[in-house]
Amino acid sequence: MKRFTILLAVIALPLALLSQESKYEYTPKVKSRILIADLLGEINVKNNTGNAIVITSDIAFEKPERAEGLQLLGAMEDNTGLGLNVSEADGVVKIVGTTKKVKDYAYTISVPQGVKLSIDYNSPFARNNLKVDSYNGSLEIKTLSSNVTLSNCTGPLTVSSVSGSIEAEFNSLSQEQPTSLATVSGLVDITLPAATKADIQVSNITGDVYNNLDLVNTSDNEKDKRSEGLDEIKHRNNTEYTLNGGGQKLLLKSISGNIYLRKK
Amino acid sequence: MKCEEVKINIPELIDGKLDAVTGAKMEQHIKGCASCREEYNDLSSFLKFTDSLPEIEPPSGMKEEFMMMLEEQTSSQNPRLIILPSWTKAAAVVVLALGTFAAGYFSGSGNGQNAQLTAEVQSLKQQVVLAGLKDYSGPQKIEAVYSAAEYSTQSADLVDALMYTLNSDKNINVRLAALNVLSGMVSDNQQVKSGLVQSLLVQDNPLVQISLIQVLTESGVNEAKDNIEFIKNQAGTDPNVKDFAQDMMKTII
């Protein structure tokens with residue numbers, strides 16, 4: 001029995017260490033903008049009701065033994081204990097990775113409501129995907145090949161990617177400012193509540209568009225007298241629709257991926 | 001160092017924003033790589049050109065005034081607000097300055113004219129909210145691009161403004177919005193047409209490149225042929241863009 005307990009302890013201890021999360025909190029002096037850059041690990045973004053930015057991570061980064069007494073060259077100081085540098089200047093809080101190894105870890109970043117957030121994930125070395133859950137507020141994301149998944153969001157958002165897919169499930173669509181989702185070869189998949197008011201612009205070249213929303217085509221096809229009674233076949237492939245009488249702009253673009261529009 | 005990595009960082013290199021080690025590595029690579037060198041030269045001559053444009057500082061107090069205006073606008077029921085991107089700062093200040101100057105100049109001759117000018121200056125002040133004072137998010141800028149297009153007729157200033165946004169905004173979605181608005185003007189505006197053809201040489205994002213090629217080829221702008229060819233043959237161009245350029249070239253006679 002004693003042996004078993006020891007065995008259990010030997011197995012459980014590293015497991016406990018592995019799953020240990022480190023936490024860092026920062027309260028911005030000005031609640032305005034947050035910029036996340038050079039943080040190529042998995043990022044999960046949330047809102048919180050407080051005033052502080054709360055970052056948790058499973059990071060277990062240690063300097064190699066060989067680097068004893070040496071500093072990371074050209075890197076900012078890790079002032080969070082999470083491999084990140086957090087600084088604030090001119091109303092912008094910057095969260096920046098201090099070592100290339102941050103890409104091996106997962107970060108959950110919870111930001112106060114109403115703050116504008118930009119995430120620059122536009123690196124060929126970003127292997128992970130971005131997840132945003134229950135985020136109400138202005139959000140800008142740029143990726144190269146990473147997928148972006150947004151759930152329970154409201155926007156306004158701008159997301160652009162080259163080969164990543166963009167999935168967004170809206171609770172409601174912010175009527176404050178437009179939302180724009182664009183990718184080259186990834187898919188765009190959005191889910192909207194049926195009663196959402198929006199002007200939706202769908203733009204694609206070689207992909208298909210699937211939809212079950214009650215869209216009304218409003219592309220201004222000027223008809224001359226001769227074309228009366230005939231349907232237009234060719235029209236610009238920026239097609240504009242209104243949903244429930246129209247509202248804020250929702251711009252969707254994929255060059256070669258499919259676009260999916262769903263009713264929630 | 002790989003070409004892609006170098007190309008992504010060329011703007012930073014030109015701006016001197018890179019650390020010494022990376023900068024040196026890049027310079028070394030550019031010396032030895034014809035394609036990167038070409039891109040570097042293109043971009044640096046373009047940036048030199050934009051830098052040579054006169055820069056005008058907004059008068060003191062403008063920021064405060066601007067913030068006040070913004071507050072008024074956003075608190076009203078139906079905000080009618082144009083936030084023009086930062087490049088218009090200079091242009092708008094010039095317009096304001098000219099307006100004020102003219103108002104002073106004409107003040108001796110006939111009150112009617114003076115009043116009219118003052119009114120014009122006023123309405124400009126109300127409509128042109130000068131951005132570039134930071135804190136503008138991508139969605140706000142997209143809103144500004146579309147509302148600017150709704151407001152104004154196709155003035156040269158507006159086209160310049162949109163063109164600048166298309167060529168230099170950091171947010172790709174904002175660039176796409178500017179292109180979208182410009183694409184509606186391409187068929188009957190020579191300035192837009194030549195601006196878009198030139199823009200082909202500046203864009204490095206595949207989304208913008210493809211959208212731009214699409215707009216130009218679908219509008220039958222044959223002058224774009226050489227520049228599309230240029231993008232297609234560039235070593236660093238994304239394969240999606242190359243394929244698309246290849247296909248769309250067929251539509252240009």
Side-chain angles (χ1 to χ4, degrees), chain A residues 30 32-33 35 73-75 90-92 115-118 120 122-125 137-144 155-163 174-186 199 201 203-206 220 234 236-238 240 248-249 251-257, chain B residues 2-5 7-9 18-23 74 79 81 83 133-147 150 169-177 179-181 183-184 187 204-211 213-215 217-219 238-241 243-244 247-248:
Chain A
V30 187
S32 165
R33 292 193 73 150
L35 174 68
L73 182 63
D90 301 333
V92 181
V115 175
K116 296 176 194 133
L117 177 64
S118 305
D120 186 348
N122 188 37
S123 161
F125 308 109
S138 180
L139 181 60
E140 292 172 67
I141 298 175
K142 189 174 174 187
T143 86
L144 199 62
L157 315 163
T158 71
V159 183
S160 78
S161 180
V162 175
S163 57
S174 163
Q175 298 294 320
E176 268 173 55
Q177 278 125 27
T179 285
S180 167
L181 312 174
T183 172
V184 176
S185 56
D199 283 352
Q201 191 185 84
S203 160
N204 69 319
I205 295 176
T206 54
D220 47 343
K234 162 102 173 71
R236 291 177 50 85
N237 51 15
N238 271 352
E240 282 164 34
Q248 188 49 270
K249 287 190 171 61
L251 312 163
L252 307 173
K253 182 178 202 111
S254 175
I255 306 296
S256 58
Chain B
K2 285 184 182 166
C3 284
E4 291 87 55
E5 213 179 321
K7 279 178 182 156
I8 287 171
N9 286 316
L18 293 173
D19 61 274
V21 181
T22 320
T74 44
L81 166 75
I83 310 164
L133 295 167
K134 283 198 186 157
D135 293 344
Y136 288 96
S137 64
Q140 280 174 315
K141 285 188 276 185
I142 294 178
E143 174 86 347
V145 164
Y146 279 106
S147 58
E150 267 169 34
D169 203 281
K170 280 195 170 153
N171 185 312
I172 298 305
N173 304 70
V174 175
R175 289 194 191 203
L176 291 173
L179 176 60
N180 210 332
V181 171
S183 71
S187 51
D204 55 1
N205 180 283
L207 259 172
V208 184
Q209 286 175 324
I210 291 178
S211 307
I213 294 172
Q214 185 190 11
V215 167
T217 49
E218 284 186 350
S219 315
D238 182 279
N240 291 299
V241 181
D243 289 351
F244 186 68
D247 288 342
M248 293 311 274

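Residue numbers start from 1 in every chain, and the chains themselves are labelled A, B, ... in the order their sequence lines are given, proteins ahead of strands. Since the structure is predicted, the reported quantities are computational estimates derived from the model, not experimental observations.
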Where on A:Glu176 is there a heavy atom nearer than 4.5 Å to chain B: the side chain, the backbone, both, or neither?
backbone

Between B:Leu207 and chain A, which part of the residue has a heavy atom less than 4.5 Å away: side chain, backbone, both or neither?
both

Report the C-alpha separation of B:Asn180 and A:Gln201 in whole Å, then their side-chain angles, then the decisive distance to 0.1 Å, and conclude whether the side chain to side chain contact (heavy atoms under 4.5 Å, CB included) test is met.
CA-CA 11 Å; B:Asn180 210 332; A:Gln201 191 185 84; 2.5 Å; yes

Max heavy-atom pairs within cutoff under 4.5 Å with chain A, candidates B:Val21, B:Asn240, B:Asn171, goes to B:Asn171

How long is the span from the NZ atom in B:Lys170 to the CD atom in A:Glu140, to the nearest 0.5 Å?
11.0 Å

Any luck finding a side-chain donor-acceptor pair between A:Lys253 and B:Ser211 under 3.5 Å?
yes

Looking at A:Leu139, A:Leu157, A:Ile255, which has the largest count of heavy-atom pairs under 4.5 Å with chain B?
A:Ile255

For A:Leu73, is it the side chain, the backbone, both or neither that has a heavy atom under 4.5 Å from a heavy atom of chain B?
side chain

Measure the CG-CG distance between A:Asn122 and B:Asn205 for me, rounded to the nearest 0.5 Å.
7.5 Å

Scanning both residues in full, the closest heavy-atom pair of B:Ile172 with A:Ser160 reads CB-OG, 3.5 Å

Among the options A:Gly74, A:Ser180, A:Ser161, A:Ser185, pick out the one with the most heavy-atom pairs lying under 4.5 Å from chain B.
A:Ser180

Check: B:Asn173 side chain, A:Thr158 main-chain N or O, donor-acceptor pair, under 3.5 Å:
no

Please look at A:Ser174 and chain B and tell me whether the side chain, the backbone, both or neither of the residue comes under 4.5 angstrom of a heavy atom of that chain.
neither

Please classify the contact between A:Thr179 and chain B as side chain, backbone, both or neither, with a heavy-atom cut-off of under 4.5 Å.
neither

Sort A:Val184 into side chain, backbone, both or neither according to what part of it lies under 4.5 angstrom from a heavy atom of chain B.
both

Sub-4.5 Å side-chain heavy-atom contact between B:Ile142 and A:Leu251
yes

Greatest number of non-hydrogen atom pairs under 4.5 angstrom with chain B, of A:Gly155, A:Pro178, A:Ser123, A:Pro156, falls to A:Pro178

Measure A:Thr183 against the heavy atoms of chain B and call it side chain, backbone, both or neither at under 4.5 Å.
backbone

